[in-house]
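All values derive from a computational prediction rather than experimental measurement. The sequence lines fix the lettering, A, B, ..., with proteins before strands; numbering per chain opens at 1.
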Protein chains: 2
Amino acid sequence: MTTTPAPAERDREPRSDTADSTHSPDSADSAGSTDDFLRLDQQICFSLNAASRAFGGVYRVILKELGLTYPQYLVMLALWEHGELPVKKVGEHLRLDSGTLSPLLKRLEAAGLVRRERSAADERSVVVRPTEEGTALRGRAVRVPRRIVAATGFDLTEILELRARLDRLTSALDTALLEDAPDPA
Amino acid sequence: MTTTPAPAERDREPRSDTADSTHSPDSADSAGSTDDFLRLDQQICFSLNAASRAFGGVYRVILKELGLTYPQYLVMLALWEHGELPVKKVGEHLRLDSGTLSPLLKRLEAAGLVRRERSAADERSVVVRPTEEGTALRGRAVRVPRRIVAATGFDLTEILELRARLDRLTSALDTALLEDAPDPA
DNA sequence: CACAATTTAGTTGTGCACAACTAAATGGCG
DNA sequence: CGCCATTTAGTTGTGCACAACTAAATTGTG
């Protein structure tokens, strides 16, 4: 118990200037009005991040018995759905690039769940397909989503609504990123 | 675009591969329901994850001019709010353990933004406090949240609602984890 | 007081995310 | 045909997340 002296910061009161989005962010300290926005528990991304990691913990426990990590599980989901995919397509489905996928797929291959082979038609492409063992794993994975949903305590309607909202958020953020950091040259 | 021969396996209803002993009893209301749950685009965690990483991209661009990563920014937020904190408390605020924080704080210290010193009262504890430079950075960080909010395209009401929902989700997941995980018999 | 249990940071090892880069194959174009 | 821009995976390096562990200080209890 650290017996912190509690150095008497200013009282942080949830000021009701919240909708004051047009207020100029100019002057230096501005310790009053914009203060609230800097509070940790006001940050949407923090809540998002925390939820994502909380999910990670639950998935870690549940997927342990399948011998998968969560990203590996996502790859297997994509393969179960599509049968086989070039690395490129896997990356599109999962929003991951080869820097993440190459070692991940190598681990899945080492675990005997997928095989990777260069496409004959296009030697640049590497096609990933589940092995028999990988396909068999699907039977054991079927119960995972239900257990996850149960852990959230949300009903299906609420989940669908949240999902829609998050997808819209992701789109907006992607768009903002493209508008802000272009280098079209 | 790889001119995939389109293996025509789009429609899969492989009920036969689930010959395991433990038959899922509950619900099982309609045909194909289990199948749908395994679809990638049905997974709430995937949407959450994607949103979290999309945020990461936006923060990366915005925080670059402050020389901070997102987790480093969160630490600075906590320090700006509380003045100084032992590592333990930082971890509680951010839901991070020492395995993550120790190297992160070391990098912040190397950047000259914080100092770390052993508490005299309790030699186990290490107190983190912002340097003058670290405190000064706050002035430049003040406008970050507004830019983030702008990038989402959400209004404040919607953000608050989403945040509340996510926090509730995180609580539920944490609870489920505590109930499920420990069985040290 | 002695000493075991707990608390607190730190270290090590594994895996993911992503930027920046390399290498090889492909396709377009003169 | 020869050449070059593009596409596709892979590699390297940095940083975060977390489990499992260590070391040291502190606390509780007899």
Check your understanding: Under the side chain to side chain donor-acceptor pair (under 3.5 Å) test, which residues partner A:Arg118, sequence neighbours left out?
Key -> none
Atom pairs under 3.5 Å, N or O on each side, protein against nucleotides 21-29 of chain C: can you list them with distances?
residue, atom, partner, partner atom, Å
C:dT26, OP1, A:Glu123, N, 3.3

Between the protein and nucleotides 11-14 of chain C, which nitrogen or oxygen pairs are less than 3.5 angstrom apart?
residue, atom, partner, partner atom, Å
C:dT11, OP2, B:Lys106, NZ, 2.9

Review point. Is any side-chain N of the basic residue among A:Asp174 and A:Arg95 closer than 4.0 Å to the acidic one's carboxylate O?
Key: yes
Check your understanding: Excluding sequence neighbours, so at least two apart, what forms salt bridge (Lys or Arg N to Asp or Glu O under 4.0 Å) with A:Asp97?
Key -> none
Practice item. Send over the distance from A:Tyr59 OH to D:dC18 C1', rounded to a whole Å. Key: 18 Å
**Study point:** salt bridge (Lys or Arg N to Asp or Glu O under 4.0 Å) partners for A:Arg165, two or more places apart
**Key:** A:Glu161, B:Glu158, B:Glu161
Point to revise | Rounded distance (Å) that lies between atom P of C:dA17 and atom CG of B:Leu63 | key: 20 Å
Practice item. Could you tell me which residues satisfy ring pair (Phe, Tyr, Trp, His ring centres under 6.0 Å) with A:Tyr70, sequence neighbours excluded, listed by chain and number? Key: A:Tyr59
Review point. How is A:Leu104 classified with respect to the nucleic acid when contacts are heavy atoms under 4.0 Å: base, sugar-phosphate, or nothing?
Key: sugar-phosphate
Point to revise | Nearest-angstrom distance from the residue atom CG of B:Leu94 to C1' of C:dA9 | key: 16 Å
Exercise for review: Please identify each residue that fulfils salt bridge (Lys or Arg N to Asp or Glu O under 4.0 Å) with B:Glu117, with sequence neighbours left out.
Suggested key: B:Arg129
Practice item. Please work out if B:Leu96 contacts a base, only the sugar-phosphate, or nothing of the nucleic acid, heavy-atom cut-off 4.0 Å. Key: sugar-phosphate
Study note, to complete from the structure: A:Leu108 atom CG is separated from C:dG15 atom P, nearest whole Å, by 11 Å
**Study point:** Interatomic distance where CG belongs to B:Leu105 and P belongs to D:dG15 [whole Å]
**Key:** 14 Å
Exercise for review: Could you tell me whether a side-chain N or O of A:Ser52 sits under 3.5 Å from a main-chain N or O of A:Leu48, the two making a donor and an acceptor?
Suggested key: no
Exercise for review: Using whole Å, report how far CG of B:Leu101 lies from P of C:dT8.
Suggested key: 14 Å
Practice item. For A:Asp97 and C:dA20, give me the distance from atom CG to atom C1', rounded to whole Å. Key: 11 Å
Point to revise | side-chain N/O A:Arg118 vs D:dA9 OP1/OP2, d < 4.0 Å | key: no
Review point. Which one, C:dA9, D:dA9, C:dA17, comes nearest to the side chain of A:Ser125?
Key: D:dA9
Review point. Considering heavy-atom distances to DNA chain D, does A:Gly57 or A:Lys88 have its closest nucleotide positioned more toward the 5' end?
Key: A:Lys88
Point to revise | Under the side chain to side chain donor-acceptor pair (under 3.5 Å) test, residues paired with B:Glu109 that sit two or more places apart | key: B:Arg116
Point to revise | Nearest-0.5 Å distance that lies between atom NE2 in B:His93 and atom CD in B:Glu81 | key: 7.0 Å
Practice item. Could you check how far CD of A:Glu109 sits from C1' of D:dG10, rounded to whole Å? Key: 14 Å
Exercise for review: Could you list the residues that satisfy salt bridge (Lys or Arg N to Asp or Glu O under 4.0 Å) with A:Glu65, not counting sequence neighbours?
Suggested key: A:Arg147
Revision key, fill the gap. Ranking B:Val126 and B:Asn49 by the position along DNA chain C of their nearest nucleotide, the one closer to 5' is B:Val126
Practice item. Nearest-nucleotide wise, let me know which of A:Lys64 and B:Gln72 is further upstream toward the 5' end of DNA chain D. Key: B:Gln72
Practice item. Would you indicate which nucleotide in D:dT8, C:dA17, C:dG15 comes nearest to any side-chain atom of B:Arg53? Key: C:dA17
